[in-house]
Amino acid sequence: MEYNFQEIEKKWQAAWDKDGVYKVSNKSDKKPYYVLDMFPYPSGAGLHVGHPLGYIASDIYSRYKRLQGFNVLHPMGFDSYGLPAEQYAIQTGQHPEVTTNKNIARYIDQLKKIGFCYDWDRQVKTCDPSYYKWTQWAFLKMFNSYYDTTLQKAQPIAKLVAEWEANDPTWKTLSEKEQQQRLMNYRIAYLSDTKVNWCPELGTVLANDEVSEGLSVRGGYPVEQRVMRQWSLRVSAYAERLLNGLDKLDWTESLKETQRNWIGRSEGAEMVFKVQRDKVPSTKENDELSMTIFTTRADTVFGVTFMVLAPESEYVSRVVTDEHRAEVEAYLDRCKNRTERERIADRRVTGVFTGAYAINPLTQGEIPIYISDYVLAGYGTGAIMAVPAHDSRDYAFAKHFNLPIIPLIEGADVSEESFDAKEGKMMNSGFLNGLEVKDAIRTMKEHITNTGIGHVTVNYRLRDAIFSRQRYWGEPFPIYYKDDMPYALPEEALPLELPEIKEFKGVNGQPPLANAKDWTYNGYPLELCTMPGFAGSSAYYLRYMDNHNDEALVSKEANEYWRQVNLYIGGTEHATGHLIYSRFWNKFLYDLGYVCEDEPFKKLINQGMIQGRSNFVYRYIGEGAKGNLYISYNLIDNPEYKDKVQPIHVDVNIVKNDILDIKAFRNWMPEYKNAEFVYSDGTTDEDNPYLGTPAEKQYICGWAIEKMSKSMFNVVNPDDVVAQYGADTLRLYEMFLGPLEMSKPWDTNGIDGVHRFLKRLWNLYENITDDEPTRDELKTLHTLIKKITWDIENFSFNTSIPAYMIAVNELTAAKCSKRAVLEVISVLLAPFAPHIAEETWHRCGHDTTVCDAEWPKCDESLLVESTVNYPVQFNGKVKFTLSLDKSLSKEDVEKAVLADEQTQKQLAGNAPKRVIVVPGKIVNIVI
RNA sequence: GCCGCGAUGGUGGAAUCGGUAGACACGAAGGACUUAAAAUCCUUUGGCCAGUGAUGGCUGUGUGGGUUCAAGUCCCACUCGCGGUACCA
């Protein structure tokens, strides 16, 4: 019988579906294990071959855990709100929900063909009202909570109000609006005028992690800074906990490090500098004016030669002198109009003098105050003390404006550049002189605290997450406005469903929801913005635990059973977005007692990206070129073609092993219909006028590794691979490609090898017998058990495939088709290639599913060799191999080796200086 | 600039605790079967050298040093590539 993978895979996928083999219950005596994939955004292009990489890995692990006797939760869903569907709606008028559902159906179809063991009953969709009800619910909880800095956790805002009612006499005197305004400073979800990343092209604001190098991550459009009234989440309140929580997690060091950098904790000091107006006789008012700065280098106060304010700093208007006002305003104007991208691209030093001076609290010297956009308003206090000798940015500024540079560290040469390193002995620094930098920092901090000119503090880079998007296709805020202040909808009003609209583009600078009819609550206008993409993905892992629950996001019982995600697999691109927001969201729910674990994802593995491998043909553009002559890749460096060819992307689906399918190429696009070739042997079509293209003529294509994208014609669709080779081959091959965490190009060149392996495995069953397996066969089997178990535990899936191949090759060579051996192999293979494993399991005579089998245990005694082959080295070089009894002790091995004839020959009568015996491994003799 | 990761045959990669580098697969070359092709199977395959031959010798994991009886693996310095991040004081 042939290995008919199409029939087998279809049959089992239908059977699994029908019997509900992968349905998971929340009630079980088995131990729970939760394996999660980062759910995809269902794009219109469908899955390409790179997407399933992580899903295959998680599927292998899920199936393995199940075979080990765990109750495994392994769900899949869709992050279905997002920009592309909305952009498409704006262009075509097609409702985003229609395209989204179509794409989801396609995704499910593609995923099912690969044979994943998802429990589809637990599917979630972020755009489904029954789901986003809980996104809105969580938002309301955040709106109605504040972060208690003493308890270090979120608390109901009612507690704060009660406290003010009792202890703050001014509270009762405030108007309702004033009370709301005051509360807004505490809410975890709050509305404020903030400087935001505004993307004019997309017509919306973006979070910091959605912007890269001044361009939007989605679409790559320019982003500018703008002050707008926006919702934010007080993520920064959780900075310390987000940082400390990392220590308990089983994530890669590099990912934790990325998050640590993003959170950006820095210890330093805030210091107060008094301001003195330029030569103007000081008034009482001016004497009291002071500025607070933040620095991590308190030790360098003696070298401060000027100060710099961020253009947006509130100090600016207060210190600027009349004389310099016009100049300053011109500069502020210029800064305001620059986009983020321009600011990043143009690193030239700019700035302006305010006319004001500050007093150095230690030297009492006068120092000028400048304004420059290299100081950021959002970090620290938006004001710095500049120490040009020991900070490269201050140095550049000082050089540009000809300000003094005072070196503070012995031996530091600051004639060409600043000395930024935190090492060396202090000088020019009063009482710090002679101290090492680290000690000087500590001493100065003590001094600052003791003299009251400042205090020690910690700053974080992590900002609050901007939570408003001026878009249609997202969760509506459960918020209405009264007297221009936001109020929460009652919980009973949830879900607040997204209204139908006809025009998806915002009008007159208003978000699209302004186009909705009757977008009001009890006559009050509802919020027009919607929530960002990360809203729906921040707690989806909780919803999977109990996705049909109408009463709660997740019931207490379900949550306490599954607790947290044991294994999470996804890409690194979410390191500073989703993986921060989810942790924040989870900690918030934890504070309020809705979930029982304060971290959502215990172990996390990042699968690498699968890049595209593009193919090229080379069009001749030299003399007499007709535009349709193509030169084989191996010839393009020949003198007659060198620099006279132009590489053109060619569809990788009509290239096999870098050999172009000539016929398919001519049919590919009209312009290639009459293509002519110079083949790899240098002959052309004209040399073979009557033969068309002879089979032995080959046109070799060049190749390059690029991103997988339509425009490069290097997209490979998993459906095509499944149709041609089967899902099991695809699964094995994706794992075989290389280590899971590594990025690697998709290259179909090796897939035949994996497919051949499955065929050989299949053929083993053709001569199946019930004879007792031999010891050799059992040894092969148990070696495999040991290896596969180790590999799966350690996510080293790529090394498992060779192990399977070796085992099958050995059994084939031994003509072994013992039922007892083969049925165990089908269990071992079930995580990787479930369809062929299931079929084989049944062919061996079982009528239960292989998923309910038990993972085999390795019988170590079968692996034990009675003898060991010791390579005998002399001075590290192997001279010969000696077969010795395994049970020999280290000393006996040494004796046996020394007594050996060959050893004596090598020693030639000399006594060895040293003999090193590594039991079971090697013997080295030093002579 | 800073942080992280990586570099092994023609190619993807293996070597899991410092112990015979190149497993397994692709590709290539040769062969068997076949009218032929496909499919399948067998042999060879890091480089150099010697030998009719089995085989033997040398060399070899980005570069240069070091530790060690022994280094792809550990240490120091560097080169290149990839990813993240950035006027974060």
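Each chain gets a letter, A, B and so on, in the order the sequences are listed, and its residues count up from 1.
For N261(A), counting side-chain heavy atoms from C-beta on, the closest listed nucleotide (rG84(B), rA86(B), rC3(B)) is rC3(B). The side chain of I916(A) has rC69(B) as its nearest neighbour among rC69(B), rU85(B), rC41(B). In the set rA14(B), rG12(B), rC69(B), rC69(B) carries the atom at the smallest distance from any side-chain atom of R914(A). Closest contact between the side chain of P802(A) and the listed nucleotides rU85(B), rG19(B), rC24(B) involves rC24(B). Nearest to the side-chain atoms of S254(A) among the listed nucleotides rC24(B), rG4(B), rG19(B) stands rG4(B). If you check rU85(B), rA89(B), rG19(B) against the side chain of V375(A), the one that comes closest is rA89(B). The N749(A) side chain lies nearest to rC26(B) when the options are rU85(B), rC26(B), rA25(B). The side chain of L376(A) approaches rC87(B) more closely than any other nucleotide in the set rG19(B), rC87(B), rG4(B). The listed nucleotides are rU20(B), rC41(B), rC24(B); the one nearest the side chain of I806(A) is rC24(B). Nearest nucleotide to the Y379(A) side chain, out of rC24(B), rA89(B), rG19(B): rA89(B).
With C1' as the reference atom, rG27(B) and rC80(B) are 27 Å apart, rounded to whole Å. Of the P atoms belonging to rG66(B) and rG47(B), the separation is 30 Å, rounded to the nearest Å. With both ends at atom P, the span from rG60(B) to rG72(B) equals 10 Å, rounded to whole Å. Between rG10(B) and rU63(B), the two P atoms lie 14 Å apart (nearest whole Å).
For E416(A), the CD atom sits in a loose shell: 12 or fewer heavy atoms of surrounding residues, nucleotides or ligands are nearer than 6.0 Å. The 12-atom threshold is not exceeded at OH of Y633(A), counting heavy atoms of other residues, nucleotides or ligands nearer than 6.0 Å. Applying the 6.0 Å contact sphere to NZ of K256(A) captures more than 12 heavy atoms from other residues, nucleotides or ligands.
Taking atom CE of M805(A) as the reference point, atom P of rA25(B) lies 6 Å away to the nearest angstrom. Taking atom CH2 on W262(A) and atom P on rC3(B), their separation rounds to 18 Å, with Å as the unit. The separation between E257(A) atom CD and rC3(B) atom C1' is 7 Å, rounded to whole Å. Atom-to-atom, CG of D747(A) to P of rG10(B) comes out at 17 Å; the value is rounded to the nearest Å. Distance E573(A) CD to rU85(B) P: 11 Å, rounded to the nearest Å. Distance, M742(A) CE to rG4(B) C1': 16 Å, rounded to whole Å. Look at CD1 on I659(A): it is 7 Å from P on rA28(B), rounded to the nearest Å. Distance CG (D373(A)) to P (rA89(B)): 17 Å, rounded to an integer number of Å.
Proximity of R393(A) to the phosphate of rG1(B): no side-chain N or O atom is located under 4.0 Å from OP1 or OP2. Remark: S266(A) is in phosphate contact with rA89(B), judged by side-chain N or O atoms under 4.0 Å from OP1 or OP2. Side-chain nitrogen and oxygen atoms of R756(A) include at least one within less than 4.0 Å of the OP1 or OP2 phosphate oxygen of rU40(B). Between rA70(B) and K877(A), no contact under 4.0 Å exists linking OP1 or OP2 to a side-chain N or O. Within the 4.0 Å cut-off from OP1 or OP2 of rA25(B), at least one side-chain nitrogen or oxygen of N809(A) is found. Distances shown here put every side-chain N or O of R613(A) at or beyond 4.0 Å from the OP1 or OP2 atom of rG12(B).
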Assess whether side-chain contact (heavy atoms from CB on, under 4.5 Å) is satisfied between L884(A) and N869(A), documenting all intermediate values.
CA-CA 6 Å; L884(A) 296 173; N869(A) 291 326; over 6 Å; no
Audit row: I405(A), Y395(A), side-chain contact (heavy atoms from CB on, under 4.5 Å) steps and yes/no:
CA-CA 8 Å; I405(A) 298 168; Y395(A) 187 88; 3.8 Å; yes
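Heavy-atom distances to RNA chain B give each of F736(A) and K879(A) a nearest nucleotide, and the one nearer the 5′ end belongs to F736(A). Of the two residues near RNA chain B, Y374(A) and P871(A), the one whose nearest nucleotide lies more 5' is P871(A).
Ring geometry for Y3(A) against W762(A) counts as tilted: the plane angle lies between 30° and 60°, on a 0 to 90° scale. In this structure, F306(A) and F397(A) have parallel ring planes: the angle between them is below the 30° cut-off, well short of the 60° mark.
In this model, a side-chain donor or acceptor of R463(A) finds a partner on the base of rC88(B) within 3.5 Å.
Look at rG53(B): its glycosidic torsion is beyond 90° from 0, and that puts it in the anti range. Base orientation of rC17(B): syn, since the glycosidic angle falls within 90° of 0.
Between K399(A) and D394(A) there is no salt bridge, since none of the side-chain N atoms of the basic residue sits less than 4.0 Å from a carboxylate O of the acidic one. K779(A) and E810(A) are not joined by a salt bridge, as no carboxylate oxygen comes within less than 4.0 angstrom of a charged side-chain nitrogen.
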Where does RNA chain B pair, written as one dot-bracket string 5' to 3', with Watson-Crick or G-U pairs under 3.5 Å, ( ) inside the strand, [ ] for crossing pairs and | for another strand?
(((((((..(((......[....)))((((((.......))))))(((((....)))))..(((((..]....))))))))))))....
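In summary, the aromatic rings of Y725(A) and F5(A) are positioned with their centroids too far apart to meet the 6.0 Å limit.
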